[in-house]
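To start, the structure itself, in structure tokens.
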Amino acid sequence: MITIKSEREIALLKEAGHIVALCLEAMKEHVKPGVTTEELDKICEKIILDNGGVPACKGYEGYPCTICASVNEVVVHGIPSKKQKLREGDIVTVDLVAGYKGYHGDSAYTFKVGKVSPKVEKLLEVTHDALYVGLSKVKEGAHLGDVSAAIGDYINQFGYGIIDTYTGHGIGREMHEDPAIMNFGTPGTGPILKEGMVLAIEPMVSMGKKDIRIMKDGWTAVMKDGSPAAHFEHTIVVRKEGYEILTYNTL
Ligand code: MF3
Ligand code: CO
């Protein structure tokens, strides 16, 4: 069941989303060669706690950290580690969820570590733009399939892989609520959007094939063909004539 949030709930979701945005904004100065993904995790955890939030991923189905830090061919759910130092030319996706007074904000951003190759630059640009192409279809009365199809059709023009093992999702009191939001689809299908639905939309795109495997830690999702992957995500609320981003950041 897809729930409609009240304006009171949306205000709390926006508080949660703002805490996530503060974390991602802080990553801009900290993501550089030599930093470890564990250091990034600690910085985000402190920001969340300092702002009265809860690191919602920590302990979620046994996940051990505050953020997911997914480097290069890792697409999602990379576990931060003190052994993992970022290097010039890497990309790292920081994906995190903050809880605030029982509500959640979820957002992800793929950062460049120093200068990256033009091919990787393009992958990041297309994945970022795919999120906004999808968002442009969001408004009351649209079908969810309109959003999914817009994302998928945009990405397919570039011949990239669209990860189908993971999806966007509703969000609210729970980190993951209905509906699942595929990153490809057919216009005019799926549930009809209504004002007050809160959705996390998150294209996950690889430079090569779409297939992933999970590493022995049970979390890390890595591209089977070793190709780099990118991921951009915002939590948004459906409005009558469009949408409002609840995890808005200045990146
Ligand atoms: N944004 C991630 C997701 O929607 C959050 C993962 S937290 C984890 O899957 F605990 F599941 F890792
Ligand atoms: Co999410």
Side-chain angles (χ1 to χ4, degrees), residues 2-3 5 13-14 16-24 27 37-38 40-42 44-45 47-48 53-71 74-81 84 92-100 103-111 127-128 130-132 134-135 138 144 147-148 151 162-183 197-205 212 214-222 229-238 243 245-249 251:
I2 310 175
T3 60
K5 273 72 178 181
L13 284 155
K14 199 182 276 185
H18 182 60
I19 297 172
V20 174
L22 292 175
C23 292
L24 291 178
M27 293 298 95
T37 50
E38 185 187 69
L40 301 178
D41 189 70
K42 293 287 167 265
C44 290
E45 178 162 338
I47 292 170
I48 292 173
V54 177
C57 289
K58 206 168 193 170
Y60 179 83
E61 292 180 8
Y63 188 75
C65 295
T66 294
I67 67 169
C68 297
S70 304
V71 179
V74 175
V75 56
V76 290
H77 300 169
I79 301 176
S81 162
Q84 185 166 44
V92 58
T93 302
V94 176
D95 180 6
L96 76 153
V97 182
Y100 185 77
Y103 290 86
H104 296 87
D106 186 357
S107 184
Y109 191 97
T110 304
F111 294 89
T127 309
H128 174 274
L131 169 58
Y132 289 88
L135 289 176
V138 173
L144 189 60
V147 178
S148 296
I151 293 172
I162 302 175
I163 285 73
D164 55 10
T165 319
Y166 301 95
T167 64
H169 49 91
I171 181 167
R173 285 200 161 273
E174 304 293 331
M175 186 193 303
H176 295 134
E177 299 185 358
D178 286 343
I181 307 171
M182 305 291 281
N183 288 304
M197 288 179 176
V198 176
L199 309 172
I201 300 181
E202 46 180 322
M204 289 157 265
V205 180
I212 62 134
I214 307 293
M215 287 175 31
K216 284 204 194 75
D217 60 26
W219 283 100
T220 310
V222 58
H231 177 199
F232 289 86
E233 173 179 23
H234 271 310
T235 298
I236 62 104
V237 56
V238 178
Y243 62 93
I245 297 181
L246 302 177
T247 45
Y248 173 79
N249 64 52
L251 293 168

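Whatever order the structure lists them in is the order used to number ligands and atoms, beginning at 1.
Contact annotation for Glu61 and ligand 1: no heavy atom of the residue comes within less than 4.0 Å of the ligand. For Ala108, no heavy-atom contact with ligand 1 is shorter than 4.0 Å. At a heavy-atom distance under 4.0 Å, only side-chain atoms of Trp219, from C-beta outward, approach ligand 1.
Protein heavy atom closest to atom 9 (O) of ligand 1, with residue, atom name and distance, is His77 NE2, 3.1 Å. Among protein heavy atoms, atom 7 (S) of ligand 1 sits closest to Cys57 SG, 2.6 Å.
More than 12 heavy atoms of other residues, nucleotides or ligands sit less than 6.0 Å from atom NZ of Lys5.
Annotation: the span from Thr220 atom OG1 to Ile212 atom CD1 amounts to 10.5 Å, rounded to 0.5 Å. The distance from atom CG of Leu96 to atom CD1 of Ile48, rounded to the nearest 0.5 Å, is 5.0 Å. Annotation: the span from Leu131 atom CG to Met204 atom CE amounts to 11.0 Å, rounded to 0.5 Å. To the nearest 0.5 Å, atom CG of residue Leu22 and atom CD1 of residue Ile47 are 7.0 Å apart.
Within ligand 1, counting atoms from 1 as listed, the ones closer than 4.0 Å to a heavy atom of Glu233 are 1 (N). Under a 4.0 Å criterion applied to the non-hydrogen atoms of Asp95, ligand 1 contributes the atoms 1 (N), 2 (C).
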Checklist line | Pair Tyr63-Lys58, side chain to side chain contact (heavy atoms under 4.5 Å, CB included): steps then yes or no | finding: CA-CA 6 Å; Tyr63 188 75; Lys58 206 168 193 170; over 6 Å; no

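In this structure, His176 has a heavy atom closer than 4.0 Å to ligand 1. The shortest separation from a heavy atom of Lys58 to ligand 1 is not under 4.0 Å, leaving the residue out of contact.
Under the 30°/60° scheme for interplanar angles, the aromatic rings of His169 and His176 are found to stand perpendicular.
In summary, the aromatic rings of Tyr166 and His77 are positioned with their centroids under 6.0 Å apart.
Thr247 places no side-chain N or O within donor-acceptor distance of the main-chain N or O of His234, the cut-off being under 3.5 Å. Checking side-chain atoms of Thr93 against main-chain N and O of Ala230 turns up no donor-acceptor pair under 3.5 Å.
Backbone and side-chain nitrogen or oxygen atoms of Asp106 are examined, and one is located within less than 3.5 angstrom of a nitrogen or oxygen of ligand 1. Between Tyr63 and ligand 1, no N or O atom pair is found at a separation short of 3.5 Å.
Here the rule is side chain to side chain contact (heavy atoms under 4.5 Å, CB included) with Ser148, and of Ile201, Asn183, Ile181 only Ile181 fits it.
Shown are the protein N/O/S atoms under 2.8 Å from the Co ion (ligand 2), given by residue and atom: Asp106 OD2, His169 NE2, Glu202 OE2, Glu233 OE2.
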